[in-house]
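Report on one structure; see the data block that follows.
All chains are named by letter (A, B, ...) in the order of the sequence lines, taking the proteins before the strands, and each is independently numbered beginning at 1.
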Number of protein chains: 2
Amino acid sequence: MNVYKGILNHIARYVELSESEIKEFISILKTTRVKKRQFIVQPGFVSEYRNYIVEGSVRVFYLDDLGKEHTVIIAIEDWFFTDFYSYIHRTPAEYYAEALEDSLILQMKYEDVEELCSRIHSLSQYFRLFTERSMAYSYKRTISNISKTSEERYWEYVNKYPQIASRVPQYVLASYLGISPESISRIRSRS
Amino acid sequence: MNVYKGILNHIARYVELSESEIKEFISILKTTRVKKRQFIVQPGFVSEYRNYIVEGSVRVFYLDDLGKEHTVIIAIEDWFFTDFYSYIHRTPAEYYAEALEDSLILQMKYEDVEELCSRIHSLSQYFRLFTERSMAYSYKRTISNISKTSEERYWEYVNKYPQIASRVPQYVLASYLGISPESISRIRSRS
DNA sequence: TGTGCGTTAAGAAAAAAGCTTGACCTTTAT
DNA sequence: ATAAAGGTCAAGCTTTTTTCTTAACGCACA
């Protein structure tokens, strides 16, 4: 199936699965279409799934007490997203995951993933390796946030992810980088 | 606290609570902010709360097999809403409650309400009286639906709730009155 | 057998979202 | 002390999305 091509490729970059393992894995995937501005995860409901984007884009953000949004994930094709805390602990989510475009996502339930991972060693390996890599990136981002200026962070992101930067609304990027939209506007006009 | 003013006033229209009763009541209220388009209740999840709107607006609707939406409640400030069946019976909801605007709501859990009502007579009275009044209105609406023409229902609603009619999208009102949006458009142009 | 209302499709109108700019303020690193 | 960096607020502009209207057509039923 074509929709699975991306995610199977993603896995293949880390481990090798047998035909039957691939079949089993595919069997736990739920295909879902969401429309722009639709919430896939929202506060109050448990984030049941790990989500993989086949097509489209999504952001995950937190709404603070002052009503300010803090984007923690900007995801496009071939990326995963979820409210990880909620997903792992089965507690109500505290984040929103919102489609930035009409999107096609693959969803896998916590229990199904756990069950498969407990039986299929290489799949477990895959999630471990991939998650570790994500962690490493996450640290990098934290460091960047505390040590660099707004302008540096902005250009760093734009250079690293030019396709994403031009695809998502500026205020999303702003809330991801911890900069005001106005400042981004000024940074851009300076160049 | 200012956010409680509305709901305490609502209660005061029916019964009188002592200071300590008010305190107890307030202690079971959870303040929640929701964003436009966010679902507060969703099919598949138990509607845990009775919800009171401090600010904003919400609609409750049913999605039929043909994908058509039937709005059963349009609620603004000082109104309550929930999927009542789900709330009372602790079964998965069949309705959506969706914020039409960014809103601030007060939520009270079923168990907490029951517990308080079992101890505080006037609070129990309040919910009884208020619910009875809602029931009476509900019957009225049913009768209106079966005995009046689209046009009559439309004007009836607009006259009774002009603020709401001008505030919510017409297609919501249409799906509440059981009229097509196009017909509403024609009704309006006729006047 | 015409009136009332639904459906579909297209366009117009209105509203919301997104971006920019200026004025002004606060923090912080010289 | 003060300049640079970046935040906030408010206003205005542009673009996109949503909502409303209208026309054409069909069906049911009084």
Under 3.5 Å, side chain of Glu152(B) to main-chain N/O of Thr149(B), donor-acceptor pair present?
-> yes

Take the angle between the ring planes of Phe80(B) and His10(B) and call it parallel below 30°, perpendicular above 60°, tilted in between.
-> perpendicular

Produce the list of close N/O pairs, under 3.5 Å, pairing protein atoms with atoms of nucleotides 12-18 of chain C; give distances to one decimal.
residue : atom : partner   : partner atom : Å
dG18(C) : OP2  : Tyr171(A) : OH           : 3.0

Side-chain (Arg33(A)) to main-chain (Leu104(A)) donor-acceptor, under 3.5 angstrom | no

In terms of the angle between their ring planes, are Tyr161(B) and Tyr137(B) parallel, tilted or perpendicular, with boundaries placed at 30° and 60°?
-> perpendicular

Are any of Lys148(B)'s side-chain N or O atoms less than 4.0 Å away from OP1 or OP2 of dG4(C)?
-> no

Give a yes or no on whether the backbone of Asp112(B) and the side-chain of Glu115(B) come within a donor-acceptor separation of less than 3.5 Å.
-> no

Roughly, in whole Å, what's the span from CG in Asn145(B) to C1' in dC5(C)?
-> 16 Å

Val41(B) and Ala93(B): which non-hydrogen atoms are nearest, and at how many Å?
-> CG1-CB, 3.6 Å

Reading nucleotides 21-30 of chain C from 5' to 3' and marking B where a protein heavy atom lies under 4.0 Å of the base, S where only the sugar-phosphate is that close, and - otherwise, the string is BBB-------

Ring centre gap for His70(B) and Tyr176(B) strictly below 6.0 Å | no

Would you confirm whether Ser134(B), through its side chain, and Phe130(B), through its main-chain N or O, come within 3.5 Å as a donor-acceptor pair?
-> yes

Start and end of the DNA chain D segment that chain B contacts, any atom under 4.0 Å from a heavy atom = dT18(D) to dA24(D)

If only atom types and distance count, is the side chain of Ser86(A) paired as donor or acceptor with the main-chain N or O of Thr91(A) below 3.5 Å?
-> yes

